[in-house]
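First up is the structure itself, then whatever we jot down about it.
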Amino acid sequence: MRIATWNVNSIGARLDRLKGWLAAAQPDVLCLQELKCATEAFPADQVAELGYETAAYGLGRWNGVAVLSRVGITDVRRGIDGDPGYEDAEEARAIGATCGGVRVWSVYVPNGREPGHAHYQYKLHWLEALHGTVLVETGGAPQRPFAVLGDFNIAPTDDDVWDISRFAESTHVTEPERKALAVLRDSGLTDVVPRPLKYDHPYTYWDYRALAFPKNRGMRIDLVYGNQPFAGAVSDAYVDREERKGKGASDHAPVVVDLDL
DNA sequence: ATGCCAACCCGGGGTTGA
């Protein structure tokens, strides 16, 4: 089984790219983030032509997540328990579904803006709620392959950014954010680190500006956190950096995981 | 060449992203 995650930075702007990538990469399950569309506006008919069912969750112009599957899609959950919301409003940042016997969550963790900002506190609280959801979902079915995939907006180690000295006073690399990832790992999840197709670091995001991609000034912030039944079945994992190339690319590349399931 | 920010909504500019 092939499972992937991809922050598309607008499904509307990326639809042609998405369809081309689905046809080429042939994932069985694809977790999407940053749809930037409402649930009912997701182009489900377009991906259905390629054999995929859709479970989407979007509330408007920001955020938005989905799961596409060609191996069935059941038990869909929109949002996580205890979601703190931002400024009294819940955002569309998580959707769970069971596909071909694997339980997956597609997540778009809040950015945080800057340390000390209200959005940064929101990010940490949101991650606490995600942890709670993981405990409930994995505790009830410990033998079922389970994974949280998506844009975590956190680089797990200094090695996961192109130059740590450029990230002083920045989000994505702070100790509290990394601690939140450690808490997820302590609850039984493993960071499934993909291999890069070029260069030494499996970056998944490169800024659009300042030639970041050609210079490989990237970050590994799109992560796959799987339980033992999931991580133990992984046969390969890679970042499809080819999808970051050319006109009309997202600023994130897909992360692809192959499983012996 | 991998190539110098893009997408949203609104109606040119502010907001967001990381």
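Within every chain, numbering begins at 1; the chains are lettered A, B, ... in the order of the sequence lines, protein sequences first and strands thereafter.
- Relative to the six-membered ring of A/Tyr108, A/Arg93 meets both conditions, a distance below 6.0 Å and an angle of at most 45° to the axis.
- When the nearest nucleotides of DNA chain B are assigned to A/Val109 and A/Trp62 by heavy-atom distance, the more 5′-ward of the two goes with A/Trp62.
- Judged by distance alone with a 3.5 Å cut-off, a donor-acceptor contact links the side chain of A/Asn111 to the base of B/dA18.
- Sequence order on DNA chain B of the closest nucleotides to A/Lys215 and A/Ala210 puts A/Lys215 first from the 5' end.
- B/dA18 sits 13 Å from B/dA6 when the C1' atoms are compared, rounded to a whole Å.
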Review item, side-chain donor-acceptor pairs of residues 140-151 of chain A, under 3.5 Å, at least two apart:
unit_1	atom_1	unit_2	atom_2	d
A/Asp151	OD1	A/Asn153	N	3.0
A/Asp151	OD2	A/Asn7	ND2	2.9

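- If you check every strand for non-hydrogen atoms under 4.0 Å, A/Arg166 touches nothing.
- Residues A/Glu242 and A/Lys245 are paired through a salt bridge, judged by an N-O separation under 4.0 Å between the basic side chain and the carboxylate.
- Within the 4.5 Å cutoff, no side-chain heavy atoms of A/Val107 are placed close to those of A/Val65.
- Taking the C1' atoms as reference points, B/dC4 lies 22 Å from B/dC8, given to the whole Å.
- For the C1' atoms, the distance linking B/dG11 with B/dT15 amounts to 16 Å, nearest Å.
- Distance noted for atom C1' between B/dA1 and B/dG14: 35 Å (whole Å).
- Contact annotation for A/Arg113: backbone-only contact, meaning every heavy-atom pair under 4.0 Å involves sugar-phosphate atoms and none involves a base.
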